[in-house]
Amino acid sequence: MTTSHAYQQVLETSRRVNWRLEDLVGEGHALNFARPFLPETFARTAALGFLSTREKLLLNHIRTRGYLALFELVESFVVPFVSELSSSQAGEDAYSAPALKHFVDEEEKHRKMFVTVLREFDAHFPVQVGFIGPAEAIVHTVLAHSPLAVTIATLGLEWMSQAHYVEAVHDDSDLDPQFKRLLRHHWLEEAQHAKLDTFVLESLAAASTPQAIATAVDEYFEIGAFLDGGLKAQVSFDLAALEAAAGRSFAPAERERFLEVQHAAQRWTFLGTAMGNKSFLKALGAISADGARRVSEAAASLTLD
Ligand SMILES: [Fe+2]
Ligand SMILES: [Fe+2]
């Protein structure tokens with residue numbers, strides 16, 4: 001059982017690493033569109049040989065917009081979910097509810113950060129890039145699952161944001177330094193959220209039957225499949241935006257290749273790196289060894305060369 005002391009420690013660390021929105025966005029913090037933002041391991045532009053160097057950079061930027069918008073969307077279901085948990089734990093001990101409340105405040109700030117950067121992106125980019133939605137319907141569908149399933153999904157995404165920065169962004173010297181800064185600061189706070197989500201996962205699992213835990217893992221796969229449908233739809237928006245930005249139409253075979261490569265890239269970015277994350281699988285394995293095995297196998301099927 002998670003102790004009050006464990007919540008207290010996370011709360012103290014969270015307060016120490018906490019940053020202010022104005023230190024990260026706005027004047028003096030513009031993105032440099034002459035450089036890529038997302039690492040190639042996520043953007044996967046090199047596999048599209050029919051694109052020119054300029055078009056590959058445009059695609060990298062288009063994928064970046066979707067990346068930011070998807071994080072903003074995900075956090076819009078995390079906020080009401082964790083808010084409710086925080087209220088339900090009010091008065092239980094001195095630290096769990098305040099730690100969860102701090103988590104919610106940070107996610108609200110992250111959403112503002114993503115929205116601000118998206119606005120900057122749209123003002124600079126030559127064409128409009130579509131995004132899946134409506135957001136409310138997506139949030140509603142995710143939150144219709146059990147709290148245990150939503151916690152598993154959230155924990156996977158928290159670890160994913162950490163892995164993206166540490167494993168793919170930190171050492172990539174081609175990327176725009178300002179974009180790297182955004183992801184670094186996001187990760188710093190997400191690392192604390194992952195600890196809190198692990199506590200929540202443990203306490204929800206302790207109050208659940210083995211059958212309810214197995215059902216939650218099934219629901220986690222349902223949430224993953226639902227998000228995958230969204231990712232597939234996003235690829236068509238990205239294709240349309242790239243053709244508009246490049247000022248040319250691609251041949252049917254090129255479009256087909258684009259859809260195939262980019263859907264696999266989206267899956268790897270948002271599902272494979274979460275489901276295959278060792279820390280996530282360890283936390284999941286502590287409540288369901290079979291669940292962790294199934295998720296790990298699914299992640300392996302999404303791995304790209
Ligand atoms: Fe966040
Ligand atoms: Fe988070």
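Whatever order the structure lists ligands and atoms in, that order sets their numbers, starting from 1. Any value given below was found using the heavy atoms of this structure, including those in side chains, with hydrogens, waters and symmetry copies removed.
Side-chain atoms of Asp122 and Gln128 form no donor-acceptor pair, as typed in the model, at a separation below 3.5 Å. In this structure, a donor-acceptor pair under 3.5 Å is absent between the side chains of Ser161 and His186.
For an aromatic pair to be called close, the ring centres must be under 6.0 Å apart, and Tyr67 with Phe71 satisfies this. For an aromatic pair to be called close, the ring centres must be under 6.0 Å apart, and Phe50 with Phe258 fails this.
For Lys56, there are no salt bridge (charged side-chain N to carboxylate O under 4.0 Å, His left out) partners, not counting sequence neighbours.
Shown here are the protein N/O/S atoms lying under 2.8 Å from the Fe ion (ligand 2), water excluded: Glu107 OE2, Glu158 OE1, Glu190 OE1, Glu190 OE2, His193 ND1.
Distance alone, capped at 3.5 Å, is enough to place a donor-acceptor pair between the Ser86 side chain and the Ala97 backbone.
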